[in-house]
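Following: one structure in structure tokens, then a few remarks.
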Amino acid sequence: MSGSTNGLCGDKSEAFNGEHNKMNEHEFPLWIDETLPKFELLGKHIAFIIENLLQQNNIEYLSVSYRTKTKEGIIEKVGRKNYKNPKIDLTDVSGVRVILYLDSDIVKVSNIIKSTFSIDDKNSMDNEGRLSSDKVGYRSVHYVCDIGEERNSLQEYEYISGLKCEIQVRTMLQHAWAELTHDRNYKLGSNLPMRIQRKINLYSGMLEIADEGFSEIVESIEEYKDSIKNNDLEQLFTQGINSISLFKFVQDISNQIGLELTPVKDWGGSTTTDIIEELKYTGLNDFKAIADSIPENYVEVSKEFAPDNNIYGFLRDIMLINNYQGLSRKDPLNWALVGDEDEDEADKMRDFYSNFMDEEQAIRLVRTFAASNQ
């Protein structure tokens with residue numbers, strides 16, 4: 001989106017010369033004053049609609065924002081572009097920017113925009129026309145549109161009916177490149193020395209490769225999930241332990257033994273990495289070993305002592321029951337079984353683990369993994 005500027009460039013009266021002129025030089029500023037609040041509302045509505053649609057379609061995004069050009073910015077652009085009919089020629093007074101994580105989601109978002117709003121094809125650039133095959137550089141899909149045919153007919157949208165808005169769709173990397181080279185103060189300009197231009201092209205190409213690489217990685221992850229989705233436990237036993245296969249294993253084994261676990265929202269993050277590393281210290285290096293280490297009475301005892309247990313607690317329970325001495329050698333641990341002064345909780349933990357080992361061992365286990373020892 002072209003930002004507004006602080007100064008007025010050129011002779012603004014040039015914008016109002018010509019037989020197709022709809023407003024004279026004095027009427028145009030009045031038109032701006034009258035319509036700017038409408039353009040502000042237009043951008044707000046379109047950003048709200050897009051954000052809702054992204055959420056409904058489970059498309060992850062960094063941000064959806066909108067802005068409205070200032071009166072000075074509008075007059076500057078009309079003069080610089082020498083627009084003969086500003087009311088028609090101005091297409092980006094209101095602007096919405098959608099910043100996505102993945103390049104592969106741009107097509108999805110583009111399709112949503114095209115099916116939701118009325119697109120001005122002449123002033124838009126869709127995914128197919130972003131860059132020719134032999135060029136790299138600044139990329140951004142943008143659409144000029146109005147609120148959409150269905151909404152234009154509704155009374156609540158009458159105030160902004162027929163006004164145009166520019167929607168830009170970018171990835172985070174495209175946005176970073178645009179901010180440095182186009183939108184902000186670090187404008188690189190054109191007609192630069194060849195060696196500088198070559199560097200620009202090189203780094204731009206690297207960003208494009210990284211953008212595509214992230215999408216390919218996500219696609220590979222989804223393909224791997226699909227490849228093991230229908231695996232039974234015997235088939236999972238042949239898989240290596242990673243965040244995806246471990247989650248699938250715990251789902252299946254808990255269903256098999258009748259264990260209900262509270263869902264977690266942060267699986268795949270740093271705690272998951274810690275869990276996989278901790279498994280190595282206890283000798284549980286494959287899924288069969290984990291499955292064989294689950295005590296027969298674990299589900300019954302867990303329902304009594306830890307009815308709200310989750311995947312992290314379940315796996316750490318199995319590690320502690322199987323080989324707490326081995327796990328104690330991992331330094332540091334960023335968790336503890338009980339606080340230093342929580343005697344009631346310590347007693348509860350000792351009672352819990354006493355169901356799987358003798359009482360003396362359970363006492364030693366709880367003491368080893370108390371907060372004061374971590």
Side-chain angles (χ1 to χ4, degrees), residues 1 46-66 95-121 123-145 148 165-183 200-231 239 242-248 265-270 272-273:
M1 284 175 288
I46 288 183
F48 177 77
I49 292 167
I50 291 175
E51 191 157 14
N52 275 321
L53 289 171
L54 294 181
Q55 294 172 4
Q56 290 173 25
N57 287 273
N58 296 316
I59 297 175
E60 296 188 11
Y61 60 95
L62 177 66
S63 65
V64 178
S65 59
Y66 72 94
V96 172
R97 177 172 293 158
V98 182
I99 302 179
L100 305 170
Y101 292 108
L102 299 176
D103 186 67
S104 56
D105 283 337
I106 288 181
V107 174
K108 300 175 187 176
V109 175
S110 295
N111 289 335
I112 289 172
I113 291 171
K114 287 187 284 188
S115 65
T116 304
F117 306 108
S118 298
I119 304 299
D120 177 356
D121 292 320
N123 292 300
S124 301
M125 180 176 291
D126 65 15
N127 203 52
E128 296 300 321
R130 290 159 69 190
L131 279 179
S132 59
S133 61
D134 62 338
K135 294 195 176 180
V136 295
Y138 168 77
R139 300 182 299 161
S140 182
V141 176
H142 71 267
Y143 295 97
V144 173
C145 65
C165 173
E166 181 184 271
I167 305 172
Q168 285 189 350
V169 187
R170 297 172 174 172
T171 66
M172 290 190 301
L173 290 181
Q174 291 165 10
H175 179 63
W177 182 256
E179 287 288 289
L180 286 171
T181 63
H182 182 262
D183 291 345
I200 294 173
N201 293 340
L202 172 64
Y203 296 136
S204 178
M206 291 169 65
L207 285 177
E208 185 172 347
I209 290 170
D211 241 344
E212 293 177 355
F214 288 136
S215 293
E216 290 172 2
I217 289 169
V218 171
E219 184 178 351
S220 296
I221 290 171
E222 293 305 315
E223 288 175 353
Y224 177 68
K225 286 181 181 179
D226 288 340
S227 72
I228 65 172
K229 181 170 61 176
N230 297 318
N231 282 7
Q239 295 284 335
N242 56 62
S243 62
I244 298 170
S245 61
L246 182 56
F247 187 81
K248 163 73 172 168
K265 295 182 178 180
D266 60 344
W267 182 260
S270 59
T272 305
T273 302

*What is the distance from atom CD of E166 to atom CZ of R97, rounded to the nearest 0.5 Å?*
9.0 Å

*Gap separating the CD atom of E212 from the CD atom of E219, nearest 0.5 angstrom*: 12.0 Å

_Sub-4.5 Å side-chain heavy-atom contact between L246 and W267_ = yes

*Please indicate whether E60 has more than 12 foreign heavy atoms, meaning atoms of other residues, nucleotides or ligands, lying under 6.0 Å from its CD.*
no

*Are side-chain heavy atoms of F247 and K225 found at a separation under 4.5 Å?*
no

*Between R170 and H175, which heavy-atom pair has the shortest distance, and what is it?*
NH1-ND1, 3.1 Å

*With rounding to the nearest 0.5 Å, note down the distance linking CD1 in I119 to OG in S124.*
5.5 Å

*Should Y61 and V169 count as side-chain neighbours, where that means a heavy-atom distance under 4.5 Å?*
no

*Counting N and O atoms only, with roles assigned by atom type, does the side chain of N242 sit under 3.5 Å from a partner on the main chain of S245, one being a donor and the other an acceptor?*
yes

*Do other residues, nucleotides or ligands put more than 12 heavy atoms under 6.0 Å from the CZ atom of F48?*
no

*Let me know which of I59, L102, L100 forms a side chain to side chain contact (heavy atoms under 4.5 Å, CB included) with K108.*
I59

_I need the minimum non-hydrogen distance between S215 and S104, along with the two atoms involved._
OG-N, 3.0 Å

*Calculate, to the nearest 0.5 Å, the distance between atoms CD1 and CD1 belonging to I244 and I228 respectively.*
6.5 Å

*Any V141 side-chain heavy atom under 4.5 Å of I113 side chain*: no

*Would you say the side chain of D211 lies within less than 4.5 Å of the side chain of L207, judging by non-hydrogen atoms?*
no

_Note, V218 side chain near Y101 side chain (heavy atom, < 4.5 Å)_ = no

*asked:* Return the OH to CG distance between Y143 and D121, rounded to the nearest 0.5 Å.
replied: 9.5 Å

*For the residue pair V144 and N123, what are the closest heavy atoms and their distance?*
CG2-O, 3.4 Å

*Got a second to check how far C165's SG is from F117's CZ, nearest 0.5 Å?*
8.0 Å

*Would you please name every residue forming a side chain to side chain contact (heavy atoms under 4.5 Å, CB included) with L53, sequence neighbours left out?*
I49, Q56, N57, I112, T116

*Determine whether the side chains of Q174 and D103 contain a donor N or O and an acceptor N or O closer than 3.5 Å.*
yes

